[in-house]
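Down below is the structure, laid out as structure tokens.
Since the model is a prediction, treat every value here as computed from it, not as a measurement.
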Amino acid sequence: MSDDEQVHDQLPSVEEYKTHVDPGSRKIDPKRIMESIQPDEDDEDFIPDVDDDLILPPPDDMDEEEGAGGQGGAHYDYDGNPYEEDDGDYNSEEDDDYNSYNSDDDEQVIHDQLPTVEEIHAQRSPQKGPSCARKLGYCFMTLIFLCIVIIPPILLTMKDDYEQRKQEITEFLMTKTLAKGSQLDDPTSPQAKAVEFLATEKYDNSALSDEKLIERYTMTVWYYATNGPKWRYQMRFLSSEDTCGWFSWFRNQRSGQITKEGVICDTPEGAATPAIGLLDMPSNLLEGTIPSELQYLSNSLEQMHVEFNPGLEGELPQELQYLTKLWSLELQYCAITGILPDWLGTKLPLRRLGLSNNLLTGFIPPSLLQQTNLQILALDDNGLTGNIGDFGALIKMQYLYMEDNLIQGQLTNQMLANWTAMKEMDFSRNDISGSLPSDLFTKMNNLEILDLHGNDLAGPLPASIGDNNRIVFLALQDNKLTGEIPVAMSNMIDLQHLDLSRNEISGKIPMELGKLSFLRYLFLGSNSYDAQELPKELAQLTMLRELSIKKANLQGQLPAWIANFTELQLLDLDQNNFQGSIPPEMGDSLSSLDHLMLNRNALNGTIPASFAKLTDLNLLLLDHNELTGSADVVCSIPDLRLYVTDCEAGLFEEAAEIECSCCSTCCHATNATCNMYDWNVNLDPIWEYGYTRYIYTFSQNLIEKDSPVG
């Protein structure tokens, strides 16, 4: 095929052109054709041009007819390859031909508008133009003209506008006493940086009302005062949007829920425009101190949640007392210092206060504990002092977290009568004394979490303990409780966590505990029980994940029904009097075991070969028994870090009782100092993790020398 024929084949025919032309039109105008296909802005098949002066369809949505050479379609060279359309001007001769359109003959007119083969060749032939040197000269002269004539006046105008706007903002702040002159004169201060931003930003803040300008200034100061440039997420702060647009969307990885964090606005009652109601920036690497300028949000700010920012330090600014609508303040896991100010209870309508894990000291102000609207109070892990009796006035309290402080006093039936709404209460690791009140498990009918471990509580467990069947978590370890475990405890049918270890409880472990079928964590060890075998009724607790009954005067054979606990991750039967061999069923069924402690018993025989299947083991203690043979059956377990057996020779050159090539420590039954740690699992769940274990650690306290071995 010749070049002429190939070009003709690429040109649209008269019939194709007719399909694109309104029969009543006088002339085919490309601009008119484009205007005739203006799309709906909501039409997803079209995308706007960046200059907003031309609407183009997405390339993937072009039909074959447009792609073949119609208006807006692709163009092809002689070889059929696409090329950019040349938008150069036609010469005057072509214009004359174009204007000589005769409306009497449509087909002839259309033919006249189609370029001939010669015209196409002419357009594609090289054109002579100005030389390269001349073009460079034109560019250089234009650049000089811009630099000397055009740009300087523009820059001067911009500078004048900036200076004027900066002066206006400064005068506004000073007149309304929103800033001090010393702050604005210091270019490194958050206040001066905020003014600089407001004077230079593209957003037209000059049209803002006084309230909205103050709001924007306050949030800009917050940004610079907390080292905004190094935040984990910028949340569109300092963007050219209204301040209410300074937020980002986040997806909760656990729930899948999508929420926004940053500046969250709503329209206060009686107001015409939205205002900041919530400042929500948890875990965002904030550093610095809380600026006093937050007081200027007093008409709208109701919630402030900036927890888990350990770089946020200093004392609570006293100006926060002017936030008279603030009912929720969360600053847990920061570095807040000083004392709790009295105005927290007298000035703010608090319903939720979280200041856990800070560096607070001193006495808890009585005014705060008289705040009867408080429903959530988290002051745990500080150095606060007070008396537990002062908390009795919190009649609406539902979640009370005070662990790891210096609270003293005694629980009484009188204060419990006010806590009928209480759902979770944690006073663990304080200095609370006395006995457990008889109404503890009867008056607080909504109670689900009760953690009083690590205090100085004494006396027996109340006989009414089984009257509350809603409790799921009960931790009373590390006290001085006496008496027997009440059989009525078996009525606590929802119980999932029970820890009575390291007290002075006597009697026997009730077989009725086997009815607590939802138990996942059971810790009963280190008490003064009578000698007994492990109650076989406990075999029904098939949901157990952790079972610790160490130093509990247990005897007899290690029961094979322990293999029923297929979900078990920790088994601690250390310091008992178990005899006989280790059931091989344990290795066949307990595949989830991480920690196994059978040390300091009287077990004999060999280590079952089935233990090689315990591939998740991290810790295995088998020392101070009478095991023989080889201990290498578990040497192939990849994550086994601590493995102790009696693989050491005696003091008088007695042969080792067992051989081991991979043990981390070798002991001998006659060596009373080898591996004499108590190996207590430090189980101290906290509310932040839903009172579930998040890591295994062990105490390193040596057991007393007169402790029994074997």
Nearest 0.5 angstrom please: Leu316 CG to Leu344 CG, how far?
6.5 Å
According to the salt bridge (Lys or Arg N to Asp or Glu O under 4.0 Å) rule, which pairs have a member within residues 219-243, sequence neighbours left out?
Lys212-Asp242, Arg236-Glu241
Heavy-atom side-chain contact between Asp210 and Lys176 under 4.5 Å:
yes
With a 3.5 Å cut-off and no angle check, do the side chains of Glu171 and Gln167 form a donor-acceptor pair?
yes
Got a sec, which pairs hit salt bridge (Lys or Arg N to Asp or Glu O under 4.0 Å) with one end in residues 326-337, sequence neighbours left out?
Glu330-Arg352
Point-to-point distance, once rounded to the nearest 0.5 Å, from CE of Met235 to OG of Ser248
6.0 Å
Taking only residues two or more places apart in sequence, or in another chain, which ones meet Asp280 in a salt bridge (Lys or Arg N to Asp or Glu O under 4.0 Å)?
none
So do the side chains of Arg520 and His497 get within less than 4.5 Å of each other, counting heavy atoms only?
no
Specify the closest pair of heavy atoms between Leu416 and Met444, including all atoms of both residues, with the distance to one decimal.
CD2-SD, 3.5 Å
The reported gap from CG in Asn358 to CG in Leu379 (rounded to nearest 0.5 angstrom) is 9.5 Å
Can you find a heavy atom in the side chain of Arg351 that is under 4.5 Å from one in the side chain of Ile376?
no
So Asp426 and Leu400, do their side chains get closer than 4.5 Å, heavy atoms only?
no
Heavy-atom closest pair (Val306 atom, Cys334 atom, distance to 0.1 Å) is O-SG, 3.6 Å
Do you know which two heavy atoms are closest between Tyr296 and Thr177, and how far apart they sit?
OH-O, 3.8 Å
Just distance, no hydrogens or angles: give the donor-acceptor pairs under 3.5 Å from side chains in residues 186-199, sequence neighbours left out.
residue: Asp186; atom: OD1; partner: Thr188; partner atom: N; Å: 3.1
residue: Asp186; atom: OD1; partner: Thr188; partner atom: OG1; Å: 2.7
residue: Asp186; atom: OD2; partner: Thr188; partner atom: OG1; Å: 3.2
residue: Ser189; atom: OG; partner: Gln183; partner atom: O; Å: 2.6
residue: Ser189; atom: OG; partner: Asp186; partner atom: O; Å: 2.9
residue: Ser189; atom: OG; partner: Ala192; partner atom: N; Å: 3.0
residue: Gln191; atom: NE2; partner: Glu293; partner atom: OE2; Å: 2.9
residue: Glu196; atom: OE1; partner: Tyr162; partner atom: OH; Å: 2.8
residue: Glu196; atom: OE2; partner: Tyr162; partner atom: OH; Å: 2.9

With sequence neighbours left out, write down each residue that passes salt bridge (Lys or Arg N to Asp or Glu O under 4.0 Å) with Asp456, or none if nothing qualifies.
Lys480
Evaluate side-chain contact (heavy atoms from CB on, under 4.5 Å) for Tyr521 paired with Asp499, printing each intermediate quantity in order.
CA-CA 8 Å; Tyr521 307 90; Asp499 195 340; over 6 Å; no
Would you call the rings of Phe427 and Trp419 parallel, tilted or perpendicular, taking 30° and 60° as the class edges?
parallel
Would you say CD1 of Ile339 has more than 12 non-hydrogen atoms from neighbouring residues, nucleotides or ligands within 6.0 angstrom?
no
Do the non-hydrogen side-chain atoms of Ile388 and Gln408 ever get within less than 4.5 Å of each other?
no
Smallest heavy-atom separation, Gln410 atom then Ile432 atom, equals CA-CG2, 4.4 Å
Would you say the side-chain atoms of Asn479 and Arg502 include a donor-acceptor pair closer than 3.5 Å?
no
Does CD in Glu168 sit with more than 12 non-hydrogen atoms of other residues, nucleotides or ligands closer than 6.0 Å?
yes
OG1/Thr324 to CD/Gln295 distance, rounded to the nearest 0.5 angstrom?
11.5 Å
How long is the span from the CG atom in Leu285 to the CG atom in Leu312, to the nearest 0.5 Å?
11.5 Å
Residues, nucleotides or ligands: over 12 heavy atoms within 6.0 Å of Lys325 NZ:
yes
Determine whether a donor-acceptor pair (N or O, by modelled atom type, separation under 3.5 Å) exists between the side chain of Asn430 and the backbone of Ile407.
yes
CA sep, side-chain torsions, deciding dist, call: Asp451, His453, side chain to side chain donor-acceptor pair (under 3.5 Å):
CA-CA 6 Å; Asp451 192 349; His453 85 268; 2.7 Å; yes
List the residues meeting ring-ring contact (aromatic ring centres under 6.0 Å, His included) with Phe441, not counting sequence neighbours, and say none if there are none.
none
Who pairs with Lys180 by side chain to side chain donor-acceptor pair (under 3.5 Å), at least two apart in sequence or on another chain?
none
Do Met219 and Leu279 come within less than 4.5 Å of each other through their side chains, counting heavy atoms only?
yes
Considering all heavy atoms, the nearest Thr218-Leu297 contact:
CG2-CG, 4.1 Å
Neighbour count >12 (heavy atoms, 6.0 Å) for atom OH, Tyr203
yes
Are the side chain of Asp404 and the backbone N or O of Asn357 linked by a donor-acceptor pair below 3.5 Å?
no
Counting heavy atoms not belonging to Phe518, are there more than 12 under 6.0 Å from its CZ?
no
Has Asn387 got a side-chain atom pairing as donor or acceptor with Gly389's backbone, closer than 3.5 angstrom?
yes
After noting the C-alpha distance and the side-chain angles of Asn373 and Gln371, does the key distance pass the side-chain contact (heavy atoms from CB on, under 4.5 Å) rule?
CA-CA 6 Å; Asn373 287 321; Gln371 180 60 273; 4.0 Å; yes
Is there a side-chain contact (heavy atoms from CB on, under 4.5 Å) between Leu495 and Arg470 once you walk through the steps?
CA-CA 8 Å; Leu495 203 59; Arg470 299 192 62 175; over 6 Å; no
All heavy atoms of Trp343 vs all of Pro317, minimum pair found to be CZ2-O, 3.3 Å
Taking the side chain as C-beta and beyond, is there a heavy-atom pair between Phe523 and Leu498 under 4.5 Å?
no
Could you tell me which residues satisfy salt bridge (Lys or Arg N to Asp or Glu O under 4.0 Å) with Arg216, sequence neighbours excluded, listed by chain and number?
Glu201
Heavy-atom distance under 4.5 Å between the side chains of Met397 and Leu374, does that happen here?
yes
Taking Asp594 for its side chain and Asn618 for its backbone only, find out whether a donor-acceptor pair lies under 3.5 Å.
no
Working note: Ile471 + Glu448, criterion side-chain contact (heavy atoms from CB on, under 4.5 Å); need CA distance, chi angles, decisive distance, verdict.
CA-CA 4 Å; Ile471 291 183; Glu448 298 178 358; 6.0 Å; no
Quiz: residues 263-270 side-chain donor-acceptor pairs under 3.5 angstrom, not counting sequence neighbours:
none

For Tyr399 and Gln375, test the side chains for any donor-to-acceptor distance below 3.5 angstrom and give the result as yes or no.
no
Show me the pairs that pass side-chain hydrogen bond (donor to acceptor under 3.5 Å, both in side chains) and involve residues 359-368, at least two apart or across chains.
Asp342-Ser367
Could you list the residues that satisfy side-chain contact (heavy atoms from CB on, under 4.5 Å) with Thr412, not counting sequence neighbours?
Gln414, Met415
Pairwise ring-ring contact (aromatic ring centres under 6.0 Å, His included) hits with a residue in residues 244-276, at least two apart:
Tyr233-Phe250, Phe237-Trp246, Phe247-Trp249
